A.B. asks: 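Please find one structure pasted underneath; my questions will follow.
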Amino acid sequence: MKFIVSSTYLLKQLQILGGVINNSNTLPILDNFLFELDNSALTISASDLETTMSTKLGVESNDSGSVAVPARLLLDTLKTFPEQPLTFVVGDNNAIEISSNHGKYGLAYADGNEFPKAVTLEDPNTTTLEGDVLATAISKTIFAAGNDDLRPVMSGVFFQFSQDNLTFVATDAHKLVKYTREDLSADQVAEFIMPKKPLTLLKNVLAGSEENVTIEYNESNAKFTFDNTVLVCRLIDGKYPNYEAVIPKENPNKLSIDRTQFLNSVKRVSIFSNKTTHQIRLKIAGAELNISAEDIDYSNKAEERLTCDYQGDDMQIGFNSRFLTEMLNNLTSDDVQLEMSLPNRAGILTPVDGLDEGEKVTMLVMPVMLNS
């Protein structure tokens, strides 16, 4: 089995697939890329049993066959080459030989048949959307997903498809993000929870892409197909919490403010906050927002005053500055609105501008009890 391929083209594809491979695998075969050659089409796959990603490349060859090649060794080698054609020859001595303009390199390979096969989806539902739309939906939500192994349903992003819209939700019980596309819809109502790892891979590959992505899904697995790439992953099992129930409907106190100014102020003041609670205090009266923090243990404190547009009763509310910073960082609008009802009820953060037609973002942040 022999084929010729461009070194930079191969490296670019392998770096994407490399994101699937875990640092420590229970099965040694998972430390490899699977190369499957069928004349001039080379399919390369990587898997961690939960997620399998494969991509198809054009190469010069008339052969066919399959081998598993050590991923780390191959990536480290390819990173050092300038652009040039590389010739891969699979020998009988269990070594694959790579020939470049300057030399030859031998890697031990494993039998391709040992590599786990990707799951085939029985009777899936299908939805198609543009790559960049999916990448945006993921990046707007994934940061809010939890890391708690005891609550696996909250460690992923909830996909909710209907004939009216597509909704993506993530929460860790302290913050929640709901991203909706009202300009897109699915043929059938469907709900599933996607794990973080495959979403991160998709986000990195699809950002800025105008290619369509076909999403197929059933009870247990989802499959994303675009360009010459296929990603299949196992879904998180379980029922997603009723997120609508925690979003307060009546929020008479509305604060509008310049996002960058608010973000920078929160960042600065939070440096002086308690290192375990990260608590900052917002005190709103008239057209003035007072942001303060104090670390009593070290006698550190800070206070800033900003002008804002505020309709509502004078109020004081406490937030974890890390959550507020993450949310403000994730928005791209010039101005944001913070809606509140009571100091012990969640605040709702929404962008005032900068959204596409049909795009809606709602962010919810739980307050922290203030020590008066």
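Since we're looking at a predicted model, the values are computed, not measured. For the numbers below, each heavy atom of this structure counts, side chains included, while hydrogens, waters and symmetry mates do not.
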A.B. asks: Can you tell me how far CD1 of Ile142 sits from CG of Leu199, rounded to the nearest 0.5 angstrom?
C.D. replies: 5.0 Å
A.B. asks: Under 3.5 Å, is there a donor-acceptor pair linking the side chains of Ser6 and Glu83?
C.D. replies: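 Yes - a donor-acceptor pair under 3.5 Å links their side chains.
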A.B. asks: With a 4.5 Å cut-off on side-chain heavy atoms, are Pro116 and Leu49 touching?
C.D. replies: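 In contact.
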A.B. asks: Short question: side chain of Asp258, backbone of Gln261 - any donor-acceptor pair under 3.5 Å?
C.D. replies: yes
A.B. asks: I need the Lys56 NZ to Thr43 OG1 distance, nearest 0.5 Å.
C.D. replies: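 Output value for this atom pair is 4.5 Å.
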A.B. asks: Verify the ring-centre separation between Phe161 and Tyr217: is it less than 6.0 angstrom?
C.D. replies: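 Ring centres of Phe161 and Tyr217 closer than 6.0 Å.
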A.B. asks: Could you check whether Lys197 pairs with Glu50 (Lys NZ or Arg NE/NH1/NH2 to Asp/Glu carboxylate O, under 4.0 Å)?
C.D. replies: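 Salt bridge: no.
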A.B. asks: Looking at Tyr310 and Asp313, would you say the former's side chain and the latter's main chain have a donor-acceptor pair under 3.5 Å?
C.D. replies: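 Side chain of Tyr310 to backbone of Asp313, a donor-acceptor pair under 3.5 Å: yes, one is there.
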A.B. asks: Verify the neighbour count for atom NZ of Lys249: are there more than 12 heavy atoms of other residues, nucleotides or ligands below 6.0 Å?
C.D. replies: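 More than 12 within 6.0 Å, yes.
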A.B. asks: Is it true that Asp297 and Lys275 make a salt bridge, defined as a side-chain N closer than 4.0 Å to a carboxylate O?
C.D. replies: no
A.B. asks: Assess the residue pair Thr214 and Phe226 against the criterion (side-chain contact (heavy atoms from CB on, under 4.5 Å)); give the C-alpha distance rounded to whole Å, side-chain angles, the decisive distance to 0.1 Å, and a yes or no.
C.D. replies: CA-CA 7 Å; Thr214 304; Phe226 53 94; over 6 Å; no
A.B. asks: Could you check whether any side-chain heavy atom of Leu37 comes within less than 4.5 Å of a side-chain heavy atom of Val59, counting everything from C-beta outward?
C.D. replies: yes
A.B. asks: Indicate yes or no for a side-chain donor-acceptor contact from Ser139 to the backbone of Thr136 under 3.5 Å, with no hydrogens or angles considered.
C.D. replies: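 The answer is yes, because a donor-acceptor pair under 3.5 Å joins these two groups.
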A.B. asks: Is the shortest side-chain heavy-atom distance between Asn290 and Glu303 below 4.5 Å?
C.D. replies: yes
A.B. asks: Check the pair Phe168 / Phe158 against ring pair (Phe, Tyr, Trp, His ring centres under 6.0 Å), numbers first and verdict last.
C.D. replies: CA-CA 6 Å; Phe168 305 82; Phe158 183 48; 10.0 Å; no
A.B. asks: Is Gln84 atom CD crowded by more than 12 heavy atoms from other residues, nucleotides or ligands, each under 6.0 Å away?
C.D. replies: yes
A.B. asks: With a 4.5 Å cut-off on side-chain heavy atoms, are Lys178 and Lys140 touching?
C.D. replies: no
A.B. asks: Are Val365 and Asn320 side-chain neighbours, meaning at least one heavy-atom pair lies under 4.5 Å?
C.D. replies: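 With C-beta onward as the side chain, the pair stays apart.
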A.B. asks: Are Phe81 and Tyr105 close enough that their ring centers fall under 6.0 Å?
C.D. replies: yes
A.B. asks: Does any part of the side chain of Met1, heavy atoms only, come nearer than 4.5 Å to the side chain of Ile96, both counted from C-beta?
C.D. replies: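 Not in contact.
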